[in-house]
Amino acid sequence: MAQEEQGREALPATELEIESADRQTVRRLTEQLMTALEGFVKAGVTTPGRASWLHIHHIPVRRLLGQVVRKLLELHSHTPIAVPPELTRSAVDEGLITTRAGNAREYVYYTISWSGLAYILGAPTRRDPLQEPHPLKLATAAARQTSSRLTEPGNEKAEVVALTWSSRHADTLLPVLAELRRLGQSTMLLDLATDPAQQILPSGMPVHRGPTTLLQLDGGIPYLISDRADSVNQYLVTAGHPVCLGRLERLAATLVQMSAGCTQPSWLATVAIESWLTNLLTSAKAQVLMVADDIGPLGALAVHVAERLSVATTNVQHGAWTADAISRPALHARIQIVTGDRDAVLARSWVRHPAAEIHVLGQPRFDTLKAIDRGRQRRYLLQLLQSAGHARVDHVIVLACQPAMPQRINRHIALLVDGLRKAQERWGLVLAPHPAQEPALLQNLIRPAQVPVVLADAQVGARGCLGGADALASVSSTCGVEAMLLGLPVLEIITGDEPTLGLADHGAAFACRTSDDINAALNTITRSRHETPVRVKDAVCRWRGTTARDIADLILRIVDSERPDAS
């Protein structure tokens with residue numbers, strides 16, 4: 001946005017990642033803005049099944065408002081917008097919503113442009129945001145390879161239906177489904193992943209591919225937002241600036257028109273999937289719906305559909321929670337199955353279902369930890385280092401990477417390398433990609449260093465090699481929990497105000513804020529045997545190797561109680 005449309009110098013969207021912005025301030029102001037928007041929209045438009053558009057799309061809208069807040073906080077650094085909004089106008093070549101760089105392959109990182117910010121601050125505009133061209137978005141082509149096991153269900157009956165759209169969710173739900181089928185329970189697994197890399201591969205269990213083409217539909221409903229955006233001048237002062245709520249509502253509705261596949265379906269896609277899910281759960285005569293995320297768009301929608309049909313809703317926690325790391329602390333399913341004792345405390349404050357039940361049963365995908373071949377994983381790590389010319393290492397540490405911005409990952413690597421360089425013995429560093437991360441980015445971050453640094457295969461990842469390491473480093477990866485359960489020392493990297501799993505707070509990891517902290521932790525590890533008390537492990541994850549069976553037993557009891565002939 002600028003006073004003149006020609007000769008304008010735009011600020012790169014990547015600069016929205018304000019390193020100096022206080023995360024708690026951003027979180028507090030985003031919450032205020034979201035609350036104000038919800039009050040302004042009130043009931044708003046709903047799906048045919050009466051699901052509010054803002055309820056289903058709360059997460060992507062909230063993320064956009066977080067970007068609005070960050071933009072407002074840095075207005076002082078952008079000279080063109082320092083003039084009053086009424087004296088400015090949107091740039092001809094800039095959309096009100098655009099994209100920013102990101103490192104999670106199935107997500108589109110939408111943000112507000114400077115023209116968009118001028119718009120919500122009341123600047124004159126010659127175009128309706130709902131009518132402008134969509135910004136570049138994620139390609140959501142369905143998987144090109146098919147199999148007889150990957151089909152849309154016909155008239156199949158299943159009392160337990162599980163829904164997944166992410167490989168991480170699938171890893172959590174598949175062990176439970178396998179146990180249910182072993183016990184003779186009828187089940188159905190639906191895969192709605194639109195990224196081929198996230199889709200479930202055939203592995204002895206029937207997998208039904210959902211109608212992913214529906215999730216690629218763009219479009220809103222003509223009457224989604226009324227014309228009151230400019231006629232109702234209701235403002236909220238945020239970060240010292242008056243934001244027009246009517247225009248903010250229209251901007252949020254613009255976001256909901258654009259489909260980014262399973263992670264952020266458009267309004268048209270949402271309505272289509274609601275109808276499909278309703279028909280499927282009804283024809284299957286489902287008694288229980290299982291998901292591994294009940295707050296994102298698809299999870300919230302699926303739970304809403306199931307509740308309307310009187311199908312018991314179950315959410316199995318798939319990732320670690322911390323009090324300030326969840327973008328929307330609101331759990332919707334009736335049955336909440338959580339990992340550890342500390343998660344139960346959070347779940348009690350987050351649940352929204354009036355009859356919610358909370359069960360601490362652990363993490364199903366961790367059941368296999370007892371069976372891993374640590375010797376084989378050790379050989380893999382050493383061969384990886386040797387093939388890169390690093391044969392002489394005393395110890396190996398794995399960094400479980402997360403799909404964060406490149407500059408953040410680079411900072412984590414640099415901190416580790418500096419700490420390893422200071423250590424008394426020679427350590428080798430293995431970077432392990434996250435499943436949703438492009439490995440090429442990590443490869444590009446590797447620089448010549450005084451310590452050996454190599455990249456693990458993306459198909460192996462941290463989960464496939466951490467058992468062979470002498471230690472694991474993590475910022476917020478659940479691999480830190482797995483390492484703790486295996487008795488490996490964990491270095492929790494704490495930089496700035498980035499969220500972590502809080503393992504160090506429970507005595508389950510070394511808190512590493514500086515390279516000296518890392519050096520001290522490594523030297524402690526090489527001098528003495530590391531042990532984590534059982535009570536500490538239970539607080540983080542209740543692990544007995546029987547979680548899938550325990551959850552299956554709970555599901556069977558629910559099925560029995562939900563059957564029409566149950567007394």
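Any value given below was found using the heavy atoms of this structure, including those in side chains, with hydrogens, waters and symmetry copies removed. Residue indices begin at 1 and follow the sequence shown.
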Please examine the side chains of Asn315 and Ile337, heavy atoms only from C-beta on, and report whether any two atoms are closer than 4.5 Å. no
Just wondering, do Leu248 and Arg250 contact through their side chains at under 4.5 Å, heavy atoms? no
As a quick check of understanding, evaluate side chain to side chain contact (heavy atoms under 4.5 Å, CB included) for Arg408 and Gln402, giving each step before the final call. CA-CA 10 Å; Arg408 290 190 178 183; Gln402 290 288 95; over 6 Å; no
State, with a plain yes or no, whether a side-chain heavy atom of Gln257 is found less than 4.5 Å away from one of Trp267. no
Short question: side chain of Gln287, backbone of Val559 - any donor-acceptor pair under 3.5 Å? no
Looking at Ala260, is its backbone amide N or carbonyl O close enough to the side chain of Thr263 to form a donor-acceptor pair, meaning the two atoms are under 3.5 Å apart? yes
Under 3.5 Å side-chain donor-acceptor pair for Gln199 and Asp191: no
Looking only at heavy atoms, which two atoms of Gly461 and Ala432 are closest? And how far apart? C-CB, 3.8 Å
Please check this pair: side chain of Glu274 against backbone of Gly49, looking for a donor-acceptor N/O pair closer than 3.5 Å. yes
Between Thr500 and Ser476, the two heavy atoms sitting closest are CA-CB, 4.2 Å
Pairing of Arg352 and Asp294 as salt bridge, 4.0 angstrom limit: no
For the backbone of Trp543 and the side chain of Thr547, can you confirm whether one donor and one acceptor N or O come within less than 3.5 Å of each other? no
Check whether any side-chain N or O of Thr111 sits under 3.5 Å from a backbone N or O of Gln67 as a donor-acceptor pair, and report yes or no. no
For Arg544, is there any backbone N or O sitting under 3.5 Å from a side-chain donor or acceptor partner on Lys370? yes
Less than 4.5 Å apart, side chain to side chain, heavy atoms only: is that true for Trp276 and Val305? no
Taking Ala272's backbone N and O only, do any of them form a donor-acceptor pair with Ser275's side chain (distance below 3.5 Å, no angle check)? no
Under 3.5 Å, side chain of Thr47 to main-chain N/O of Ala51, donor-acceptor pair present? yes
List in chain and number order the residues that pass ring-ring contact (aromatic ring centres under 6.0 Å, His included) with His304, two or more places apart in sequence or in another chain; answer none if no residue qualifies. none
Find the distance between CG (Asp560) and CD1 (Ile555) and round it off to the nearest 0.5 Å. 11.5 Å
Tell me whether Arg182 is salt-bridged to Glu179, with the criterion being a basic N under 4.0 Å from an acidic carboxylate O. yes
Evaluation steps, salt bridge (charged side-chain N to carboxylate O under 4.0 Å, His left out), between Arg348 and Asp343: CA-CA 9 Å; Arg348 290 187 189 100; Asp343 302 304; over 6 Å; no
Pairing donors with acceptors under 3.5 angstrom, does anything connect the side chains of Ser167 and Gln198? yes
Would you tell me whether Gln363 and Gln317 have side-chain atoms, one donor and one acceptor, within less than 3.5 Å of each other? no
Between CG on residue Leu215 and CH2 on residue Trp165, distance to nearest 0.5 Å: 10.5 Å
With no hydrogens and no angle check, just 3.5 Å: does a side-chain donor-acceptor pair link His57 and Thr270? yes
Is the shortest heavy-atom distance from the side chain of Glu159 to the side chain of Gln185 under 4.5 Å? yes
Look only at the side chain of His506 and the backbone of Ala508, and say whether a donor-acceptor pair between them is shorter than 3.5 Å. no
How long is the straight-line distance from OG1 of Thr164 back to CG of Leu174, given to the nearest 0.5 Å? 7.5 Å
Under 30°, 30 to 60°, or over 60°: which ring-plane class applies to His332 and His55, parallel, tilted or perpendicular? perpendicular
Taking atom types as modelled and ignoring hydrogens, do the side chains of Ser166 and Arg168 form a donor-acceptor contact shorter than 3.5 angstrom? yes
Please tell me if the side chains of Thr314 and Gln336 come closer than 4.5 Å, counting only heavy atoms from C-beta onward. no
How close do Ser474 and Leu399 get, heavy atom to heavy atom, and via which atoms? N-CD1, 4.4 Å
Applying side chain to side chain contact (heavy atoms under 4.5 Å, CB included), run through Val69 and Thr25 and close with a yes or a no. CA-CA 9 Å; Val69 167; Thr25 298; over 6 Å; no
Pairing donors with acceptors under 3.5 angstrom, does anything connect the side chains of Thr495 and Glu498? yes
Does Lys285 have more than 12 heavy atoms from other residues, nucleotides or ligands lying within 6.0 Å of its NZ? no
Between the side chains of Gln264 and Ser259, does any donor sit under 3.5 Å from an acceptor? no
What pair of heavy atoms forms the shortest contact from Ala269 to Leu217, and how long is it? CB-O, 3.9 Å
Carboxylate-amine/guanidinium proximity below 4.0 Å for Glu357 and Arg334: yes
Taking all heavy atoms of Gly319 and all of Thr478, pick out the closest pair and write down the distance. CA-CG2, 3.9 Å
Answer whether the closest heavy-atom distance between the side chains of Leu369 and Leu486 falls below 4.5 Å. yes
Looking at every non-hydrogen atom in both residues, tell me the closest pair between Val338 and Ala347 and how far apart they are. CG1-CB, 4.1 Å
Are the side chain of Gln234 and the backbone of Leu245 linked by a donor-acceptor contact shorter than 3.5 Å? no
